[in-house]
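Note sheet for the following structure.
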There are 2 protein chains.
Amino acid sequence: MSNAKVLPLLEPDGQGIVPCCPPLTERPMTANEAETAARMFKALGDPVRLRLFSAVASHEGGEACVCDISDVGVSQPTVSHHLKKLKEAGLLTSERRGTWVYYRVEPSVLAAMGRLLTGPAAAA
Amino acid sequence: MSNAKVLPLLEPDGQGIVPCCPPLTERPMTANEAETAARMFKALGDPVRLRLFSAVASHEGGEACVCDISDVGVSQPTVSHHLKKLKEAGLLTSERRGTWVYYRVEPSVLAAMGRLLTGPAAAA
DNA sequence: CATCTGTATCGATGGGCGTCAACATAGACA
DNA sequence: TGTCTATGTTGACGCCCATCGATACAGATG
């Protein structure tokens with residue numbers, strides 16, 4: 001339940017987050033780079049997870065209570081399962097405040113994935 | 001074997017390609033939008049596919065012969081299988097020229113996915 | 001303490017997917 | 001025509017994963 005990343009994909013580095021890989025178009029990715037980056041894409045490769053992620057990302061302040069976003073047509077355990085996956089992929093962090101648990105997007109991750117696809121054009 | 005998209009994700013629109021969805025952070029994605037966008041992320045969510053895609057994207061002219069990129073540690077049928085998936089996802093197109101088949105990235109797709117993640121910051 | 005609500009975990013199940021060997025197909029060339 | 005190379009397809013196998021109901025855990029409140 002702590003906030004420790006289970007599967008850090010963009011390795012946390014003291015303060016910031018270091019991009020795992022160069023842009024896709026720069027050179028062929030190595031096996032290790034691909035392994036790392038694919039985990040992020042895979043995490044967004046499920047419609048329910050993508051909706052949950054978008055719901056958090058677009059929510060006021062970039063964070064949302066589970067109760068705010070759990071209306072995606074699947075059971076509560078399934079919602080919890082997907083949020084865990086997104087957390088393990090380093091895309092979300094969670095924090096319990098009283099009764100509710102709030103999920104928050106890791107902003108630098110979005111920028112890093114953008115750079116992976118489009119190169120430096122994707123600013124932070 | 002033709003170049004017709006099996007599963008167009010960013011609907012082709014005459015000349016260009018229309019983005020399927022607004023940026024993730026703009027508003028919660030609808031079920032249909034998520035279904036569409038998740039297919040693209042899913043296609044990149046496998047390490048072998050990601051390496052193949054990166055190999056094509058980073059190759060001279062944005063295109064590559066299968067023989068140039070098939071050294072990713074899996075069998076030839078598996079390479080063919082993954083290239084087909086990438087093609088079905090609208091990320092690659094293919095064209096046979098004589099003996100060899102060339103795969104080419106759909107450039108606007110990269111920009112569209114970038115915008116999905118980072119908003120308008122990701123230019124073409 | 002008991003109870004209620006919100007969220008996570010467990011165990012099971014069904015379907016999807018990555019992989020391969022074997023085979024099929026397409027073009028080039030003799 | 002036959003053969004060789006390059007690539008795609010088929011069928012099977014094993015594993016991962018999305019989903020659920022049941023249950024457990026956490027915090028609030030009485």
Side-chain angles (χ1 to χ4, degrees), chain A residues 1-7 31 34-35 38-53 55-56 59 63-89 91-104, chain B residues 1-7 31 34-35 38-53 55-56 59 63-89 91-104:
Chain A
M1 222 65 46
S2 87
N3 223 12
K5 301 249 180 53
V6 181
L7 272 177
E35 199 89 31
R39 256 176 291 209
M40 295 189 299
F41 287 118
K42 191 174 185 179
L44 296 182
D46 177 89
V48 173
R49 275 198 295 270
L50 196 50
R51 287 187 74 187
L52 289 171
F53 185 74
V56 174
H59 204 266
E63 79 170 15
C65 167
V66 176
C67 57
D68 290 327
I69 60 174
S70 49
D71 195 19
V72 287
V74 294
S75 69
Q76 176 269 322
T78 301
V79 169
S80 194
H81 166 74
H82 284 307
L83 288 173
K84 184 181 183 180
K85 287 292 194 91
L86 288 166
K87 198 172 156 185
E88 288 174 350
L91 299 174
L92 294 179
T93 60
S94 70
E95 181 191 0
R96 172 158 228 141
R97 289 208 290 273
T99 303
W100 296 281
V101 176
Y102 290 83
Y103 281 80
R104 164 176 293 278
Chain B
M1 221 68 46
S2 88
N3 224 12
K5 300 250 180 53
V6 182
L7 271 175
E35 198 89 31
R39 257 177 288 209
M40 297 189 296
F41 287 117
K42 192 175 185 179
L44 296 181
D46 177 88
V48 173
R49 276 199 296 271
L50 196 51
R51 288 187 73 188
L52 289 171
F53 185 74
V56 174
H59 204 265
E63 79 169 13
C65 166
V66 176
C67 56
D68 290 327
I69 59 174
S70 49
D71 195 20
V72 287
V74 294
S75 69
Q76 175 268 322
T78 302
V79 169
S80 193
H81 167 74
H82 284 307
L83 288 173
K84 184 180 182 181
K85 287 292 194 87
L86 287 167
K87 198 173 156 184
E88 288 174 351
L91 298 174
L92 294 179
T93 60
S94 71
E95 181 191 358
R96 171 159 226 142
R97 290 208 289 275
T99 304
W100 297 281
V101 176
Y102 291 82
Y103 281 81
R104 165 177 293 278

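Here the structure is a predicted model, which means the values were calculated and not measured.
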Without placing hydrogens or testing angles, list every side-chain donor-acceptor pair under 3.5 Å for residues 40-52 of chain A, not counting sequence neighbours.
residue: A/Asp46; atom: OD2; partner: A/Val48; partner atom: N; Å: 2.9
residue: A/Asp46; atom: OD2; partner: A/Arg49; partner atom: N; Å: 3.1
residue: A/Arg49; atom: NE; partner: A/Ala43; partner atom: O; Å: 2.7
residue: A/Arg49; atom: NH1; partner: A/His82; partner atom: ND1; Å: 3.1
residue: A/Arg49; atom: NH2; partner: A/Lys42; partner atom: O; Å: 3.4
residue: A/Arg51; atom: NE; partner: B/Met29; partner atom: O; Å: 3.3

Sugar-phosphate, base or nothing in reach of B/Tyr103, heavy atoms under 4.0 Å: sugar-phosphate
Secondary-structure stems, DNA chain C, at least 3 Watson-Crick or G-U base pairs under 3.5 Å: C:1-30 with D:1-30
Presence of A/Lys84 side-chain N/O under 4.0 Å of C/dA8 phosphate oxygens OP1/OP2: no
Any N/O pairs under 3.5 Å between the protein and nucleotides 14-19 of chain C? List them or say none.
residue: C/dC17; atom: OP1; partner: B/Lys42; partner atom: NZ; Å: 2.8
residue: C/dG18; atom: OP1; partner: B/Arg49; partner atom: NH1; Å: 3.1
residue: C/dG18; atom: OP1; partner: B/Arg49; partner atom: NH2; Å: 2.7
residue: C/dG18; atom: OP2; partner: B/Arg49; partner atom: NH1; Å: 3.4
residue: C/dG18; atom: OP2; partner: B/Lys85; partner atom: NZ; Å: 3.3
residue: C/dT19; atom: OP2; partner: B/His82; partner atom: NE2; Å: 2.4

Under 3.5 Å, which protein N or O atoms sit close to an N or O of nucleotides 27-30 of chain D? Give each pair with its distance.
none

Euclidean distance, atom CG of residue A/Leu52 to atom P of D/dA18 [Å, nearest integer]: 12 Å
Derivation and outcome, side-chain contact (heavy atoms from CB on, under 4.5 Å), residues B/Glu63 and B/Arg97: CA-CA 12 Å; B/Glu63 79 169 13; B/Arg97 290 208 289 275; 2.5 Å; yes
Rounded distance (nearest 0.5 Å) linking atom NZ of A/Lys84 with atom CD of A/Glu88: 5.5 Å
Closest nucleotide among D/dG8, D/dT9, C/dA8 to the B/Gln76 side chain: D/dG8
Counterpart residues, side-chain contact (heavy atoms from CB on, under 4.5 Å), relative to A/Cys67 (two or more places apart): A/Cys65, A/Trp100
Distance in angstrom units between A/Leu83 CG and C/dT9 C1', rounded: 14 Å
Gap separating the CD1 atom of A/Ile69 from the CZ atom of A/Phe53, nearest 0.5 angstrom: 11.0 Å
Check: A/Thr93 and A/Tyr103 side chains under 4.5 Å, non-hydrogen atoms: no
Rounded interatomic separation in angstrom, taking CD from A/Glu88 and P from C/dT9: 9 Å
Separation between NZ of A/Lys85 and OG of A/Ser80, rounded to the nearest 0.5 Å: 12.5 Å
Heavy-atom check, side chain of A/Leu92 versus side chain of A/Arg104, under 4.5 Å: no
Length of the line joining A/Arg39:CZ and D/dC16:P, which is rounded to integer Å: 14 Å
Nearest-Å distance for atom pair CG/P, residues B/Asp71 and D/dA6: 14 Å
A/Arg51 CZ to D/dT19 P, straight-line distance once rounded to whole Å: 12 Å
Sequence neighbours excluded - side chain to side chain donor-acceptor pair (under 3.5 Å) pairs with any residue from residues 70-79 of chain B: B/Ser75-B/Thr78
